[in-house]
Amino acid sequence: MKAWHWLIGIALVLAAAGAAAFHFRGEIATRLVARAAAQGMGANLPAELGEGLHAVFCGTGSPLPDRTRAGPCLAVIAGGRVFVFDAGEGASETLGLMGIRQGDIETVFLTHLHSDHFDGLAPLALQHWATATATEPLTVAGPVGTARLASGLNEAYAIDSGYRTAHHGPEIMPPTGAGLRAEEFTVPQADGETIVLRDAGGVRILAFRVDHAPTDAVGYRIEYGGRSIVISGDTSRSASLASAARGADLLVHEAISPRLDQIMHETAMALGRDNVGVIFHDILDYHTSPQDAGAIATEANVGALAFTHFLPQTPIPGLAHTFVQDARRTYDGPVYAMRDGDVISLSPSGGLTRSRHGRF
């Protein structure tokens, strides 16, 4: 047989083997799906974490595109109960990957009405309804304007909701459970606070004003079992935040790196993208540098500082650590650069642990 006949024969054998291997890989993958489906649907992060107060980082990004970070989102688990603070793009997906059943979410609290803090709210409401056969809408609480936001999203999704009830039936998708129900509160004065939740379960949530002009913006303090978490929301360095965070076990703070922001500003201007350059210049005055966040943590005597809402993006491994280094110039306590999937747990006994959860 000529040499080229041998070559053709070998190629045919390899092709057949490759097809068989491809089929075998497909079978293995299908069987793995069965195992993963059971693990995913059975996941229950609150039960896994147990008693205590837990900060669940379901979105550590900002409006700038970053494949590794969802938009702003922090879930707090207190005595097994789930509350969500802000719901940026991808928040619902990240919560699901981390094992939080979205039908268990009691309330979503918004820090302010910038779109990157609520543009994942509609998918969250859908999962709250669909995965739990909810008979009441998801509650969203926030500053004045939250009702208008909820009404708009409800209208935008009204046709979709009707289709889903018609397809699955009202027993599975009760029409009364679709969408959002708004609760508004007036943003307190700079030296005040508003109790937005206090109940017999021992959970207390307070809202306080922060400086993110021209928006009406708040941060939150969550207390349970003698432990406390404070969430800055978007803000420049704010005396009201330092006051509200006094003695907290954990301060979750947004951060902008002036050094990295300057690089983005200069690059945009050099490329003739003046509008983008102006935006990078303007955002400096209503966000907080890591050094200022560290100074706030020191003034408030908090137990630990955790950074989220990174500006600009941090696509290179280790880049987020520059935020930690800058904060350590002004704060001696533990400082963390958080990632989607991270959890910080505050146990009733006084300990603090950091862990990873979910498929990331």
- Query: Is a donor on one side and an acceptor on the other found under 3.5 Å between the side chain of Thr288 and the backbone of Ala255?
  - Reply: no
- Message: Test side chain to side chain contact (heavy atoms under 4.5 Å, CB included) on His357 and Asp342; report intermediate values, then the result.
- Response: CA-CA 6 Å; His357 297 266; Asp342 282 348; over 6 Å; no
- From CA spacing to verdict: side chain to side chain contact (heavy atoms under 4.5 Å, CB included), Asp340, Thr68: CA-CA 8 Å; Asp340 289 17; Thr68 66; over 6 Å; no
- Minimum heavy-atom separation for Ser228 to Leu346, with atom names? O-CD1, 3.7 Å
- Tell me, which pairs form a disulfide bond (SG atoms under 2.5 Å apart) where one or both residues lie in residues 73-184, sequence neighbours left out? Cys58-Cys73
- Task: Applying side-chain hydrogen bond (donor to acceptor under 3.5 Å, both in side chains), run through Arg209 and Ser238 and close with a yes or a no.
- Result: CA-CA 9 Å; Arg209 180 182 289 273; Ser238 218; over 6 Å; no
Could you list the donor-acceptor pairs under 3.5 angstrom formed between side-chain atoms of residues 81-93 and any protein atom two or more places apart in sequence or on another chain?
from  : atom 1 : to     : atom 2 : distance (Å)
Arg81 : NE     : Glu106 : OE2    : 2.8
Arg81 : NH1    : Asp199 : OD1    : 3.3
Arg81 : NH1    : Asp199 : OD2    : 2.9
Arg81 : NH2    : Glu106 : OE1    : 2.9
Arg81 : NH2    : Asp199 : OD2    : 2.8
Asp86 : OD1    : Thr111 : N      : 2.9
Asp86 : OD1    : Thr111 : OG1    : 3.3
Asp86 : OD2    : Thr111 : OG1    : 2.8
Asp86 : OD2    : His117 : ND1    : 2.8
Ser92 : OG     : Gln102 : OE1    : 2.6

- CZ on Arg354 to OH on Tyr336, rounded to 0.5 Å: 7.5 Å
- Query: Ile100 and Ala75: which non-hydrogen atoms are nearest, and at how many Å?
  - Reply: CD1-CB, 4.0 Å
- Message: Between Tyr220 and Val252, is the side chain to side chain contact (heavy atoms under 4.5 Å, CB included) condition met? List the steps.
- Response: CA-CA 10 Å; Tyr220 291 96; Val252 179; over 6 Å; no
- Under-4.0 Å salt bridge between Arg101 and Asp104: no
- In Å, rounded to the nearest 0.5 Å, how long is the span from CG of Asp285 to CG of Asp211? 9.0 Å
- Does the separation of the ring centres of His287 and His212 fall below 6.0 angstrom? yes
- Nearest-0.5 Å distance that lies between atom CG in Leu352 and atom CD1 in Ile344: 5.5 Å
- Query: Looking at CD of Gln189 and CZ of Phe208, how far apart are the two atoms once the value is rounded to the nearest 0.5 Å?
  - Reply: 15.0 Å
- Query: What is the distance from atom CZ of Arg221 to atom CG of Leu251, rounded to the nearest 0.5 Å?
  - Reply: 10.0 Å
- Atom pair OG1/CZ of Thr146 and Phe109 - distance to nearest 0.5 Å: 11.0 Å
